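Working notes, structure below.
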Amino acid sequence: MGGMMSFLERTFSHVPKTYRCGWLMPLTWLVWHRAAFPKAKEALENGEVPVGCLMVYNNEILGKGRNEVNETKNATRHAEMVALDQVLEWCCHRGLDPRTVCERTVLYVTVEPCIMCAGALRLTNIPLVVYGCNNDRFGGCGSVLDIPSADLPHTGSSFKCISGFRAEEAVEMLKTFYKQENPNAPKPKTRKE
Amino acid sequence: MEPQLKRRKEYECDIDSWVAYPVLSNEQSQDIELIEAFAAPIINKKETSRLIKELAKVYPLPGLQHIKRVRSCKDKGSPHPLEVIVCLASDAPVIDRSEELHISDLSSSGRLNCEGLGDPFLVKIPACPPLTRPQFEQASKHWPTSFHEDKQVTVALRGQLFTSSQKSKMQEYMMAAVAAARAGQESGMEAVGAAVVDPEAERILAVGHDCRQGGHPLHHAIMVCIDLVARGQGGGAYTYDKYPACQSVLPYSLPSQKQGATTTTCGVVQDGDSAEESGEPYICTGYDLYVTREPCVMCAMALVHSRIGRVFYGTSSTDGAFGTKYKIHAQKDLNHRFEVFKGVLDQQCSDLNRPVHYIKINS
Ligand SMILES: [Zn+2]
Ligand SMILES: [Zn+2]
């Protein structure tokens, strides 16, 4: 038991105090975050960049997304954008104000959100993002730019990030994908991806 | 001549009323960085070539190949017409700056024969080679510097990159974005409009306006346009049927018409990415985007993901990501870079943010 507690202490020592309501909160994160992986696998099986996510409000999943870029021929259809659409729709059906709901919704995603998605998360006032591995190519939560804490007074609200959950597993899936390459993209000689 | 005149009237404004300026990377647009060095007058001209050789050995200036070691004296009345960089201030021995410096202090324990050199003085020299003409002009005020000029950048910075006929096309496309912005404004949206253009075919492929008030906080004009282009290519995630001013057209008038030949001959191909073997359009590769105001960071990155060719906007915005807060199009580490220009129809675009009646009185 002592070993378990020190593991948790180490794992969550960097978590902001406001989110550390005992150990219950971090454990809940682990569980939800794990649930985002099947969506990433589904993306991989469909020839999409394997990223999956969940959006959770009051212990209820309001949105589940995976990359749908090739399917829609729209390069902005990242997992987070797909899930956000479902959250907004959920609000619309219930006549709830999206902002009020989003302000209490947590995003669990296998990979660090890109710069675009980080912008979208600010604009929708999502307060917290729990993610797995870093995104060296496009990462908007510290890897390329730090959008969540940037001084952007007209771009929604800043948000907090907690990272490192099952990072190796997320990286492995990305590696598998980039080995088999994006079949729908044209194949010029200089393609760097 | 006559059709040209007619055309101009149609737009209610002259193409000379605006100028498109490039939004350059920080490296290209920032003030040049300066470092301190010691220079000294050459008081005996005959020693010049020996001094230059010895200085290169004793005090090489690594990474400063752009710096010319010798300059002719600024003060024409000076008895010594040449001055030479002796060493960087950081390479000089620690010297009490309150005391007068003597050239022998820089002899590097006698390794440098200071014969022919006058007493040194501090100068500031450019730390990096200048990348643009304004940087070159700024650098040259401090110390002579070599400059490999990119003529296109120089012309662009003067606002002279585009010909009149190119400008009238650009104006036509931006007018489409402005018209969409107005239409959106009439249905209660924020007055922002955008258009995606195929510059080879000289065709507008999609026009859209801000649709946030329609219940979706992320439906910025650019996001709408990107999805409309996807729809035109047989994809898409949304329908904008509620908004008649948001429209897409098929990229080619005839499905059988192959564009392969024109793709290879045209200069707009970026990064070799639009050299499509199949001739099928791939997201926004090779297309231009016109938008009435500088995009936010979400939209700017959406354009990177969509592999847009070039971006033109009217006016800057507070949190803008193509010049104001970020330069996403020139961001290090991102795998797709492109040119961005601002100022296209800037007056008409900034008028969009004013009350409607004011514009009507004026026009
Ligand atoms: Zn993303
Ligand atoms: Zn935007």
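Hydrogens, waters and symmetry mates are skipped; everything else that's a heavy atom, side chains included, is used. These numbers come from a predicted model, not from an experiment.
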(request) Among A:H154, A:R99, A:R122, single out the residue with the greatest number of heavy-atom pairs under 4.5 Å to chain B. (result) A:H154

(message) Would B:R307 pass as a cation-pi partner of B:Y287, given that its NZ or CZ must be under 6.0 Å from the six-membered ring centre and within 45 degrees of the axis?
(response) no

(request) Would you mind checking which part of B:L303 comes under 4.5 Å of any heavy atom in chain A, side chain (CB onward), backbone (N, CA, C, O), both or neither? (result) neither

(request) Identify which of B:G236, B:G215, B:C299 forms the greatest number of heavy-atom pairs closer than 4.5 Å to chain A. (result) B:G236

(request) Any chance you could lay out the side chain to side chain donor-acceptor pair (under 3.5 Å) test for B:T239 and B:D241, step after step, and finish with the verdict? (result) CA-CA 6 Å; B:T239 50; B:D241 298 344; 4.6 Å; no

(request) Quick one: which of A:E68, A:R77, A:E89 has the most heavy-atom pairs under 4.5 Å with chain B, could you say? (result) A:R77

(request) Verify the ring-centre separation between B:H336 and B:H329: is it less than 6.0 angstrom? (result) no

(request) Below 4.5 Å from any heavy atom of chain B, which atoms of A:C114 appear? Answer side chain, backbone, both or neither. (result) side chain

(message) For A:H33 and A:Y131, I'd like to know if the aromatic rings sit close, meaning centre-to-centre distance below 6.0 Å.
(response) no

(request) Would you confirm whether the ring centroid of B:F312 sits within less than 6.0 angstrom of the ring centroid of B:F322? (result) no

(message) Given heavy-atom pairs under 4.5 angstrom as the criterion, report whether the side chain, backbone, both or neither of A:L152 touches chain B.
(response) both

(request) Find the one option among A:A120, A:G119, A:C92, A:G156 whose heavy-atom pairs under 4.5 Å with chain B are most numerous. (result) A:A120

(message) Please classify the contact of A:L84 with chain B as side chain, backbone, both or neither, using a heavy-atom distance under 4.5 Å.
(response) side chain

(request) Measure from NZ or CZ of A:R166 to the centre of the six-membered ring of A:F37, then state whether that distance is under 6.0 Å and the direction lies within 45° of the axis. (result) yes

